[in-house]
Number of protein chains: 2
Amino acid sequence: MSIDFRTEPASYRHWKLKFDGEVAELILDVDETGGLFDGYELKLNSYDLGVDIELYDATQRLRFEHPEVKVVVLRSGKDKVFCAGANIRMLAGAAHAHKVNFCKFTNETRNGMEDASGFSDQKYICAVTGACAGGGYELALATDYIILTDDGASSVALPEVPLLAVLPGTGGLTRVTDKRKVRRDHADVFCTIEEGIKGRRALDWRLVDEIVPNSRFAEAVRTRAADFAAQSTRPSDAEGVALTPLERHLDDDRMRYSSLEVELDRAARVATLVIKGPQSPAPATPEAAAAEGAGFWPLRLAREIDDAILHLRFNELDLGLIAFKSEGDAEAVLAYDRLLTEQADDWFIREVSLFWKRLMKRVDVTSRSLVALIEPGSCFAGFLAEFVFASDRGYMLSGQFEGDNRPAAEIHLSAANFGRLPMSNDLSRLATRFLGEPQSLEAAAAVRGEALDAERAEELGLVTFAYDDIDWEDEVRIFLEERASFSPDAMVGMEANLRFAGPETMETKIFGRLTAWQNWIFQRPNAVGEEGALRHYGTGKKGRFDFDRV
Amino acid sequence: MSIDFRTEPASYRHWKLKFDGEVAELILDVDETGGLFDGYELKLNSYDLGVDIELYDATQRLRFEHPEVKVVVLRSGKDKVFCAGANIRMLAGAAHAHKVNFCKFTNETRNGMEDASGFSDQKYICAVTGACAGGGYELALATDYIILTDDGASSVALPEVPLLAVLPGTGGLTRVTDKRKVRRDHADVFCTIEEGIKGRRALDWRLVDEIVPNSRFAEAVRTRAADFAAQSTRPSDAEGVALTPLERHLDDDRMRYSSLEVELDRAARVATLVIKGPQSPAPATPEAAAAEGAGFWPLRLAREIDDAILHLRFNELDLGLIAFKSEGDAEAVLAYDRLLTEQADDWFIREVSLFWKRLMKRVDVTSRSLVALIEPGSCFAGFLAEFVFASDRGYMLSGQFEGDNRPAAEIHLSAANFGRLPMSNDLSRLATRFLGEPQSLEAAAAVRGEALDAERAEELGLVTFAYDDIDWEDEVRIFLEERASFSPDAMVGMEANLRFAGPETMETKIFGRLTAWQNWIFQRPNAVGEEGALRHYGTGKKGRFDFDRV
C-alpha cells in the first residue's frame, strides 16, 4: 500500500476544525476504526500515521487559509480522554523503518506548530481534559500553553518507560528538560510514573501552565485564547489562500507534478528530483502573489517537493540516494526570490518563506544520501541553491555537454542563503558549511547577485567538485554506485552527524540525541523482542528483560 | 575475567613514555600478542581496552607525576603505521555492552587529553608517520596539533563506514565537524574513502595542521613542541606527585578501598558506594598537600571512586543502580574543599580539582541509575555534594533513625557546586538542575556555608524527597525495587536524555548524538549480523546488506 500524504478537511476522519474569528479549535476525535493499517483499533484517541497526516494538513491550512486565526485551541472530542498517544499495537506491529519514519514525521509536525507560534504568531493552547498520556502529552508539549482541568482525575503522563520499555521519543524527553525546563529529578519521577501527575503537582513541576477546576475550565480557556489573540500580530483582515488539491501522476518509475519530476531508478537505488523553474514571471506585489493562490510558483513547488520527500521516505525505502537537479531560468527564479525577500513582512509571503524553511529542514533530516547535480540549463539560484548546500555533496559541470547547447551551469546566491532559511541549528546552511572558515562565508556573501560558474563555485567552496564533460559522467556514476553500495545504516548515522555541525537547539537535540536513543531501543529485545514490553503490551504479561546494562 | 584498570608504566605492554624536560614522548608500540582477550592479535598498532587502560594511566601520570611536562608528543613506535584503530576482530567478537563501554571509556580518555590541554596547559602534539586510520586518527583528533609526514604514503583516514559499516564513534565524526570544522562535503568524502587522504589535501581540508617532508619531520616536531612549551604556564620547577598503587580488596559482595566501600547487592541489582570522609585534618598549604602525595584524601578518594565506577561498568553489568552514601564529618570535608578553592592556582591543587571534574563527568555518563541516599552521619558537603546533584534522584532522611544517635543529615554547599566542577555541558550541576528557575540557583548560592537539614534542602530543591524515619525504609525500598524492574535499555535512553538539559558542547555531542547512533548501528544486522560487514572483515567477503533505509 502506498501511503498518500494528501488530504483535506472534508476527508478528515480524526480531526475537526472549528473557526470563530481569531480563535480556531482543533479537535482530536479519533475514529477507532479508521486506522491506516489493519490489525489495531485506535482506542482512547490514540493515533497512527493517518491521524498525524491529517494534523499536518490542518496545521498547514491554519497558516495559509486562515491568516485571521491567531490562536488554535487544541482539545479532545472525547469525554474522558485527551489522547493516549501513539497506538501501541500499531507500533508493536510496525517495521523498524516505519516506526522511525513515523516518529520523524510526527516530530516535524510538532516542530511546525512551534514554528507557527514563533514566526507566524499563531499560538497554540492545549486544553487538557481527561488522560493526556505519552504522545498525547508530547503533542501538548508542542503547544505554547497547557491548561489542565483540576478534576481529581485528569492527568499528564509519559508512561512509555515503565509501560513499554521505550522512550517518549516524539520530543517528550527533550521538551520536558529543555522547553519546560523541568528539574531533572522531577523529570525522572514523572517519566517513571505510569499513571502520570495531576493537579497541583503538575503545575508545581512546570508540567502544565495552569490548572483550573472543571466548572471554570471552558471560561479559562476562552480567556487565555483571548489574551494570546490580543498580543498576536497576525492580520485580522487578510484573505486566506486555499491549498487546493495537489495534482500528481505516479508511474512505476516516475512521479510527475506541475514543477517537479521524480525519476525512480530502482536498480541504482537513486531518486532524482528534477526541480522546474517558474513558467511565468514573478508577480509584482504580495497581493498579486496571493491572488495566484496555491498556484503561486514557490508555494506550489514547496508543496510538491514536500509531498515527494514524504512519499520517498515512506514508500520507497530502498532508494538510498536523492539527487537534486533543476531546470529553468535562474533570472526568473531570482525574481521570485527577490519578492520573498523584499516583501517579507507580508503575511502570505512570510508563510511561503517559512514553509520553505520547514521544507529544507525536512530535507536536512531525511535519512537518504543527498547530492546536488548542477548541470547546464539548471537554475540553482537564491532559495533553490539551498538544495546544493543541504546536500552531502555538490557536483557541478564545468562548461557545456558536447552537442548540447544549454548554457553552462551557474549558481546564484541571494539573501535567502544567508539567514532566511536557517537549519535547525539556527545557522544558515552556508554558515554551518563554513564554520571553520568565516572568511569563506564573507567571500560568498560578497558575490551575492553574481552568476558563479563551476570554477568560481568550486573556488568559493560552494560545491564539492567541478568536472568538465569528459570526466563528469564517470565521476558521478562512480559516486552514485559507490554510495549505493554502502551500508544504509552507516549512512544514516554518518549523515546524522556530519550534517549538523555547530550549535545545538531543542530541534537538533530531538533529532540527534533523543531520536538516536529511541532508534537504538527500538532495536533492543527488551522492547521489541518476543518477550519485550512492546510486544507484551495488552496481553496482561509483563515484558521479560535481560537486565544487563549497556 | 575481571578487568582491572590499575596499572603503571613498568607494566605497560603497549606504550612507552620518554621524558626530556618539558617535552615527553608517548609512544604507541602495541604488543601484538598482548590482547586483553583471546581470539585476536593486535596487528598494525591496533588497540583493545587493555591498550587504552594503559593510555589512561599514562595521561593521569603525565599530569600528576610530571608537572614539568608542558608538551606530550604522541607518536608510533612502529615503522610504517601510526595506528590502525580499534582492533576489528576484538570488536566483532565483543558483546554489545562491552563494545559500548569500551567506546565510552576510550572517549573519556580522549576528552581527558583535551582537558589537559585546556586546563592544565599540557599540550598534545600528534606526530603522524604511516597509516593513521580509524581510532588512530580519532586519537590524533584529540590532540592539539597534528603533523603529518608528507612522504607520499602516510595518510589519515576514517575508513569505518566503507570498510566496516559502523561509525568512527570515538569522537571522530564530531571532532571532524566541530573541532576541526571540516566542511561537511569534505567530511563526507573523507569518511567514505577507505584509503584516507594524504599530503596537501589533508592540510587543505583541515584534517591535519601541518605537512612536512620526511627529511625535516623530526626537526619540525621538535620545533613545534618547543613553541608550545614556551607558551605553557605549567611550572618547570615543581615536584610531581607519584600515583602509588591503589589498594583494594574485592570480595564477592564487597569492594574495600581506604576511603570507599562498595556493597554489591546482586539480588536487588544495586551497588552502594559508601564514601568515607577524611580521617585526618586538611593540610594547611598546597605544599603540605603535595607532601601527602597520593595519600592526600581528595586525590586518594577520587582515584578510588574512579576505579570503582570503571569496575562496575565493565565487570558488574547487571547492577543497574548505583546508590551514593557518605559517612564522616562535614566540617572536615569542607576544610579540604576550602583548600581546593583557595589554592586553585597551585598546580597540584588544580590537578586534583580537575580530576574531580573528570570523575564527576564520568559519573554523569555512567549508564546506571544513580541515587543519593542522604542519611544521618553523612557528609555530602562541598565537592562531595556533587554526588547528590549528579544523581537521578536524591532521598534525604529528616531527623534521626530511631535508636541511632548519629546526627541528622545535612547538606553543605560551597563554591565547588557553582562552577568549579562543570558538567560536560559547561554548566554546573546546580545550574543545569535549575535551568528553568534561576531564582532557585540564586537561593542556593545564598546559603553556601550553611548546614541545610532535610526540610531546607527539599525546600531549596536540592533533593527530590525528604522522609522521616517512619517512611524512609519503605520509600527507598519501593524506589529501588521499582527501578530495578524497569527495562535497563529504557533507563539508559531516558537517563542519557534527562541528565543533559541545556547547552550542548563537543563532549555532549559525542556522548549524546554520536554514541547513540553508533550504538544503534552496533545493533543492526548490516554491521553485526552473520552477513554484516563487521563479521565479514578480514574474510575477503563483503558484507551483504539489507538496503532499506530507516
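Letters go in sequence order (proteins before strands), and every chain restarts at 1.
- At a threshold of 4.5 Å between non-hydrogen side-chain atoms, the residues B:Ser369 and A:Arg549 count as touching.
- The choice from B:Glu495, B:Arg206, B:His186, B:Met491 that makes the most heavy-atom pairs within less than 4.5 Å of chain A is B:Arg206.
- Within the 4.5 angstrom heavy-atom criterion, no atom of A:Arg313 approaches chain B.
- No option in B:Val166, B:Leu167, B:Leu158 other than B:Leu167 meets the side chain to side chain contact (heavy atoms under 4.5 Å, CB included) test with A:Met494.
- A:Ser487 pairs in a side chain to side chain contact (heavy atoms under 4.5 Å, CB included) with only one of the listed residues (B:Leu164, B:Asp546, B:Val161, B:Asn526), which is B:Asn526.
- Classified by interplanar angle (parallel below 30°, tilted 30° to 60°, perpendicular above 60°), the ring pair A:His96/B:Trp520 is parallel.
- In this structure, OG1 on B:Thr174 lies 13.5 Å from CZ on A:Phe500, to the nearest 0.5 angstrom.
- In terms of heavy-atom pairs under 4.5 angstrom with chain B, the leader among A:Gly394, A:Ser485, A:Pro503 is A:Ser485.
- When side chains are defined from C-beta on, B:Asp185 counts as touching A:Arg433, because their heavy atoms get closer than 4.5 Å.
- Side-chain contact between B:Arg499 and A:Thr177 is absent, with no heavy-atom pair separated by less than 4.5 Å.
- Enclosure of atom CZ in B:Arg544 is not indicated, since only 12 or fewer non-hydrogen atoms of other residues, nucleotides or ligands lie within 6.0 angstrom.
- B:Arg483 touches chain A through its side chain: at least one heavy atom from C-beta onward sits under 4.5 Å away, while N, CA, C and O do not.
- Proximity to chain B (any heavy atom under 4.5 Å) is shown, for A:Met506, by neither the backbone nor the side chain.
- To the nearest 0.5 Å, atom CD of residue A:Glu316 and atom CG of residue B:Asp548 are 10.5 Å apart.
- Atom CZ of B:Phe547 sits about 12.5 Å away from atom CG of A:Leu319, to the nearest 0.5 Å.
- Counting only distance, with no hydrogens or angles, the side chain of B:Arg183 and the backbone of A:Glu437 share no donor-acceptor pair below 3.5 Å.
- In terms of non-hydrogen atom pairs under 4.5 Å with chain A, the most contact-rich of B:Gly532, B:Ala95, B:Ala165 is B:Ala165.
- For B:Gln518, no part lies under 4.5 angstrom from a heavy atom of chain A.
- Within the 4.5 angstrom heavy-atom criterion, no atom of B:Arg180 approaches chain A.
- In terms of heavy-atom pairs under 4.5 Å with chain A, the best-connected choice from B:Thr432, B:Val100, B:Leu435, B:Val182 is B:Leu435.
- Heavy-atom pairs under 4.5 Å with chain A peak, among B:Asp489, B:Leu317, B:Leu498, at B:Asp489.
- Contact detail for B:Phe545 and A:Pro488: the closest heavy-atom pair is CB-CD, 4.2 Å.
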Chi angles and distances behind the side-chain contact (heavy atoms from CB on, under 4.5 Å) call for A:Val189, B:Arg393: CA-CA 8 Å; A:Val189 174; B:Arg393 299 188 194 180; 3.5 Å; yes

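- The two residues B:Gln523 and A:Pro525 come nearest to each other via the heavy atoms OE1-CD, 4.5 Å.
- Among A:Ala527, A:Ala533, A:Gly502, A:Cys191, the residue making the largest number of heavy-atom pairs under 4.5 Å with chain B is A:Gly502.
- The candidate with the highest count of non-hydrogen atom pairs below 4.5 Å against chain A, out of B:Arg368, B:Glu160, B:Arg184, is B:Arg184.
- Atoms CG and CD, on B:Asp178 and A:Glu504 in that order, are 7.5 Å from each other to the nearest 0.5 Å.
- Shown here for A:Asn497 and B:Leu514, the closest heavy-atom pair between the two residues is OD1-CA, 3.4 Å.
- Looking at B:Asn101, the atoms closer than 4.5 Å to chain A (heavy atoms on both sides) all sit in the side chain, from C-beta outward.
- The candidate with the highest count of non-hydrogen atom pairs below 4.5 Å against chain A, out of B:Ala490, B:Ala516, B:Gly169, is B:Ala516.
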